[in-house]
Amino acid sequence: MDLPKAKKVVLAYSGGLDTSAIVPWLVENLGCEVYAYVADVGQGSDELAGVEEKALASGAKACKVYDLREELVTDYIWPTIQAGAIYEGRYLLGTAIARPLISKYQVEYAREVGADAVSHGCTGKGNDQVRFEAGFAALAPDLAVIAPWRHWDMSGRSELLAYLSERNIPCSASVEKIYSRDRNLWHISHEGGSIEDPWSPPPQDAWQLSEDPASAPDNPEHVTLTFDKGVPVKLNGEPIGGVELIEQLNEIAGAHGVGRIDLVESRTVGMKSRGLYETPGGTVIVEAMRGLEEVTLDRETLRFRQELGLRFADLVYGGRWFTPLREALSVCATSIASRVTGEVVVRLFKGTALTVQRSAPKSYYSEALASFEANNTYDQKDAAGFIKLLTLPERVAALQDLPASSEAELIEVRDAVHQGDKSEAAVG
């Protein structure tokens with residue numbers, strides 16, 4: 001594959017090993033100006049500290065940091081939660097959910113500086129190359145895309161470190177840092193090293209946001225979440241913004257070992273991969289949402305929302321955020337969530353988050369109806385006719401296999417069905 005030509009390139013820059021090497025590599029191989037772009041999506045002050053200076057020291061002409069935390073929560077996390085999107089039954093889409101937002105502002109910065117290309121540090125085996133480039137395709141198909149991992153001949157950390165050392169470019173990475181991580185406000189992922197062996201138990205030194213459930217507190221803790229139309233707006237009765245809510249829940253739930261998963265997933269490019277994910281606060285929010293949906297959505301709507309969530313998750317995982325289908329599904333999910341208002345209490349204990357109380361002004365649950373006590377709304381005698389009609393196909397089929405002495409009953413049932421067909425035709 002030929003390397004695209006470009007005069008100005010905007011690189012999605014993190015300050016890690018890969019992007020630190022990409023800056024001088026682009027300058028040397030394209031003779032271009034490199035503009036480093038950093039998206040603050042809640043990865044923490046440790047990763048962002050001195051990132052602009054690192055970029056300039058690597059050879060970038062300029063570096064710009066965008067604070068995208070509020071937009072990440074409001075325009076990406078909440079819509080995904082409303083849709084009930086969970087990939088392959090467990091992954092809360094922590095990495096995938098941020099990529100379209102990052103690509104959106106990378107394009108904005110490229111327009112600002114007059115760049116003719118964008119670049120990223122994703123490998124040729126992973127999902128992120130698809131997610132970034134799907135965003136570029138939807139937002140700026142005129143810009144060239146440069147993915148150095150698909151062009152250079154360096155193949156590992158040691159070679160990248162040697163490349164930087166030869167050019168006296170500082171980098172905090174080392175050969176000993178065996179795990180590849182991605183962190184944002186919503187989660188942190190861990191890959192590489194012994195994690196790549198599915199028979200190897202998760203290494204305890206990989207986890208960062210959560211305690212070992214076995215050593216978590218011996219007493220449970222209860223948190224109360226208040227939702228307004230599918231969006232959490234209060235924590236323990238106090239109004240709170242989305243960023244602060246997730247940050248606080250990460251600490252609270254993480255202390256109880258909540259939010260860990262060990263997943264062998266199906267990548268968009270076709271292969272299977274293993275990753276460890278920590279989403280403490282998100283796990284609590286999803287569980288609370290589930291508990292509230294149980295009382296605010298009828299059976300058919302809830303079932304459809306579950307189907308919608310599967311499709312939505314596939315779109316987000318595959319980087320298809322900027323598509324008409326994803327937008328249409330979001331409109332539908334928002335409509336369904338209009339009933340999901342109320343309060344939920346979740347118990348946190350030894351790695352679990354479990355809904356134990358829920359209340360909603362538009363609840364379908366009626367204690368009077370569900371109770372075995374007598375009431376005027378539901379007459380138990382009515383159940384007999386309902387069951388008879390519900391099981392009519394089974395009875396017709398079974399009567400056909402009975403002895404001839406039961407023929408009279410079969411005729412009676414068939415006549416009833418025939419009469420019913422006549423009545424429906426008359427109404428039609």
Side chain to side chain donor-acceptor pair (under 3.5 Å) between Arg339 and Thr296, intermediate numbers included: CA-CA 6 Å; Arg339 288 188 58 90; Thr296 56; 5.8 Å; no
Cationic N near anionic O, under 4.0 Å, Glu221 to Arg347: no
Closest non-hydrogen atom pair, Leu160 against Ala21: CD2-CB, 3.9 Å
Pairwise side-chain contact, Pro24 with Ile169, heavy-atom cut-off 4.5 Å (strictly under): yes
Side chains of Phe227 and Val233 in contact at under 4.5 Å (non-hydrogen atoms): no
side-chain hydrogen bond (donor to acceptor under 3.5 Å, both in side chains): pairs with one or both residues in residues 316-325, sequence neighbours excluded: Asn127-Tyr317, Glu265-Tyr317
Ion pair Glu294/Arg290, N-O distance below 4.0 Å: yes
Aromatic contact, Tyr37 with Tyr66 (centres under 6.0 Å): yes
Asp46/Arg183 ion pair, N-O < 4.0 Å: no
Taking every non-hydrogen atom, the tightest pair across Val73 and Pro79: O-CD, 4.3 Å
Test log, rule side chain to side chain donor-acceptor pair (under 3.5 Å), inputs Ser194 and Asp197: CA-CA 6 Å; Ser194 63; Asp197 178 4; over 6 Å; no
Between Asn29 and Trp152: side-chain donor-acceptor atoms closer than 3.5 Å: no
Exceeds 12 heavy-atom contacts within 6.0 angstrom, atom CZ of Arg303: no
Side-chain donor-acceptor contact under 3.5 Å, His222 with Gln357: no
Spacing of Tyr91 atom OH and Ile261 atom CD1 [to the nearest 0.5 Å]: 8.0 Å
Exercise: do Ser359 and Glu343 side chains pair donor with acceptor under 3.5 Å: no
Identified side chain to side chain contact (heavy atoms under 4.5 Å, CB included) counterpart of Trp186 within the set Leu72, Leu93, Ile285, Thr95: Ile285
Flag, side chain of Ser165 to backbone of Leu161, donor-acceptor distance under 3.5 Å: no
Pairwise side-chain contact, Leu30 with Leu3, heavy-atom cut-off 4.5 Å (strictly under): yes
Check against side chain to side chain contact (heavy atoms under 4.5 Å, CB included), Lys125 and Arg267: CA-CA 9 Å; Lys125 289 186 176 182; Arg267 283 184 178 174; 4.1 Å; yes
Trace of the side chain to side chain contact (heavy atoms under 4.5 Å, CB included) decision for Arg274 with Glu196: CA-CA 6 Å; Arg274 185 192 186 195; Glu196 293 180 346; over 6 Å; no
Minimum side-chain heavy-atom gap Asp182-Arg99 below 4.5 Å: yes
Chi angles and distances behind the side chain to side chain contact (heavy atoms under 4.5 Å, CB included) call for Val51, Tyr13: CA-CA 9 Å; Val51 69; Tyr13 180 81; 3.7 Å; yes
Contacts of type side chain to side chain contact (heavy atoms under 4.5 Å, CB included), residue Ala62, not counting sequence neighbours: Tyr35, Tyr109
Residues Arg69, Asp67: salt bridge by 4.0 Å N-O rule: yes
Under the side chain to side chain contact (heavy atoms under 4.5 Å, CB included) test, residues paired with Ala83 that sit two or more places apart: Leu308, Phe312, Ala333
Side chain to side chain contact (heavy atoms under 4.5 Å, CB included) between Phe322 and Glu327, intermediate numbers included: CA-CA 7 Å; Phe322 301 111; Glu327 293 172 0; 5.6 Å; no
Non-hydrogen side-chain atoms of His120 and Asp128 separated by less than 4.5 Å: no
Arg150/Gln129 under side chain to side chain donor-acceptor pair (under 3.5 Å): CA gap, chis, key distance, verdict: CA-CA 10 Å; Arg150 302 203 290 256; Gln129 58 176 340; 2.8 Å; yes
Flag side-chain contact, heavy atom, 4.5 Å: Glu52 against Val65: yes
Whether over 12 other heavy atoms sit under 6.0 Å from Lys229 NZ: no
Short side-chain to backbone donor-acceptor contact, His256 and Val258, under 3.5 Å: no
Side-chain ion pair, Arg358 and Glu293, N-O less than 4.0 Å: no
Sub-4.5 Å side-chain heavy-atom contact between Cys32 and Val34: yes
Basic-acidic side-chain contact under 4.0 Å: Asp228, Lys234: no
Geometric class of the Tyr277/His187 ring pair [parallel <30°, tilted 30-60°, perpendicular >60°]: parallel
